[in-house]
Student: 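There's a structure below that I have some questions on.
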Amino acid sequence: MVSSSSAAALWTAAPHPHGSCIRIHAIFHQRHQRRGRRPVVVASSVRPLQAASLAVATAPVAVASRRTAAEEAVYEVVLRQAALVEEATHRRGAGAPRWAEEDAVDWGLLLGDAYHRCGEVCAEYAKTFYLGTQLMTPERRKAVWAIYVWCRRTDELVDGPNSSYITPKALDRWEKRLEDLFEGRPYDMYDAALSDTVSKFPVDIQPFKDMIEGMRLDLWKSRYRSFDELYLYCYYVAGTVGLMTVPVMGIAPDSKASTESVYNAALALGIANQLTNILRDVGEDSRRGRIYLPLDELAEAGLTEEDIFRGKVTDKWRKFMKGQILRARLFFDEAEKGVAHLDSASRWPVLASLWLYRQILDAIEANDYNNFTKRAYVNKAKKLLSLPVAYARAAVAS
Ligand SMILES: CC(C)=CCC/C(C)=C/CC/C(C)=C/CC/C(C)=C/[C@@H]1[C@@H](COP(=O)(O)OP(=O)(O)O)[C@]1(C)CC/C=C(\C)CC/C=C(\C)CCC=C(C)C
Ligand SMILES: [Mn+2]
């Protein structure tokens, strides 16, 4: 949660810069058909983990199972984003970056200031992550900050001090504003930074729209019947972040991995983070009338909604939690495999954030699965240590 002064800072209106008219054309399917590529068959090593991990509490991962409807929907976006990146690489090879043709307007000082403010917001809300961005190239660092700020603001709409005023209409307006900034018509300074970022990197608008969709869900949905439903929610609010950021962080030029597999790993990191968030916040969410746990799995474990509201740690609860933690760890494992394929300067912050988040799961165990009244957290010393350790690991991997 954030302080109201920070929230206010995020919402400060700023001058409307006159942007260039840069359009993102993310028409994966058309290109796909035009080039007569094979339909995409997802190899088991790169397919999302969702269906596989349904059986998490009882059996080893059954990777061969078919993709579910939610996975299909999410994977479409992964492919689209991957195709955009491949196209950008292709064009760069041909000596004509897509964005260079139209990027005629120099926003000069205004833009510098906009990015600077994004950095300040990051430093305030996410210190470790901010530190982790310091080794990235300035262009990449600024772009990740701009994406971070847009995500933070979007989350603020439904979780911040003004959340009680937020209606679906307000989210529609936020989405229109997103479309405008992708077309070079930013509304304020933070938007201007993102507008510049999406003109320079091959970022697709869909993950951003999907994050807003996740916030729409939060306005009315407080139960998830199955993991399939929960997976889609996690994709919307967190998996999308992976898809937004990989085009900026870059894939290592010498990586042999397919673009899709790197995106899958990025998606997995977002899902893992959100599942961890959910497991950490069970008590807090239940006090707001929300249960982000798959109801069918709760029932299978012999637990009811009442048990969640009562908040008593029982053996049934411990067993249930062990299964949920195992599933979150599987997603982290999947994500970790992808980190080595990122551009070397970007591995460090990603690895550090992965380790930090994963340690929240250890903390839940250390609290004897009492996530009703005890908040699982990673202490400052561990947080600080994660950066140099991740740095050393990332250096070894390059
Ligand atoms: C190949 C490979 C592994 C690439 C890595 C790709 C990558 C960087 C993935 C990032 C994954 C990530 C950090 C996801 C964020 C997940 C998250 C915690 C989402 C939160 C949603 C709502 O949660 P809730 O309301 O339940 O909880 P709170 O109490 O509000 O916390 C979010 C808050 C959505 C908004 C997300 C952000 C503000 C984070 C955005 C982060 C970035 C743009 C930077 C990511 C970069 C690095 C280096 C970690
Ligand atoms: Mn939130």
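Count residues from 1 along the sequence. In each ligand, atom 1 is the first atom listed, and ligand 1 is the first ligand listed. For the numbers below, each heavy atom of this structure counts, side chains included, while hydrogens, waters and symmetry mates do not.
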Student: Looking only at non-hydrogen atoms, which of Val350, Leu267, Asp218 approaches atom 5 (C) of ligand 1 most closely?
Tutor: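 It is Val350 whose heavy atom sits nearest to atom 5 (C) of ligand 1.
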Student: From the options Ala143, Ala340, Ala266, select the one whose nearest heavy atom is closest to atom 4 (C) of ligand 1.
Tutor: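 The option holding the nearest heavy atom is Ala266.
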Student: Indicate yes or no: does Asp180 engage Arg185 in a salt bridge with an N to O separation below 4.0 Å.
Tutor: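 Looking at Arg185 together with Asp180, the answer is yes, because their closest N to O distance falls below 4.0 Å.
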Student: Taking atom OH of Tyr377 as the centre, report whether more than 12 heavy atoms of other residues, nucleotides or ligands fall under 6.0 Å from it.
Tutor: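 No, not enclosed.
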Student: Output yes when Glu175 and Arg216 qualify as a salt bridge under the 4.0 Å nitrogen-oxygen rule, no when they do not.
Tutor: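 Between Arg216 and Glu175 there is a salt bridge, with a charged N closer than 4.0 Å to a carboxylate O.
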Student: If the contact criterion is a heavy-atom separation under 4.0 Å, does Tyr357 count as touching ligand 1?
Tutor: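 Flag set, Tyr357 near ligand 1.
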Student: Give a rough value, rounded to 10 degrees, for the angle at the Mn ion (ligand 2) between atoms OD2 of Asp159 and OD2 of Asp155.
Tutor: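 OD2 of Asp159, the Mn ion (ligand 2) and OD2 of Asp155 span an angle of about 120°.
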Student: Report yes if some N/O of Asp281 lies less than 3.5 Å from some N/O of ligand 1; otherwise report no.
Tutor: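 Checking ligand 1 against Asp281, no N or O pair falls under 3.5 Å apart.
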Student: Once rounded to the nearest 0.5 Å, what's the spacing between atom OH of Tyr224 and atom CD1 of Ile291?
Tutor: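 Between Tyr224 OH and Ile291 CD1, I get 12.0 Å after rounding to 0.5 Å.
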Student: Compute the shortest N/O to N/O distance between Asn277 and ligand 1 and return yes if it is under 3.5 Å, no if not.
Tutor: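 In this structure, Asn277 places an N or O atom under 3.5 Å from an N or O of ligand 1.
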Student: Once you restrict to heavy atoms under 4.0 Å, what part of His341 touches ligand 1? Side chain, backbone, both or neither.
Tutor: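 Neither; nothing of His341 gets under 4.0 Å from ligand 1.
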Student: Got an N/O contact under 3.5 Å between Tyr148 and ligand 1?
Tutor: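 N/O-N/O distance below 3.5 Å does not exist for this pair.
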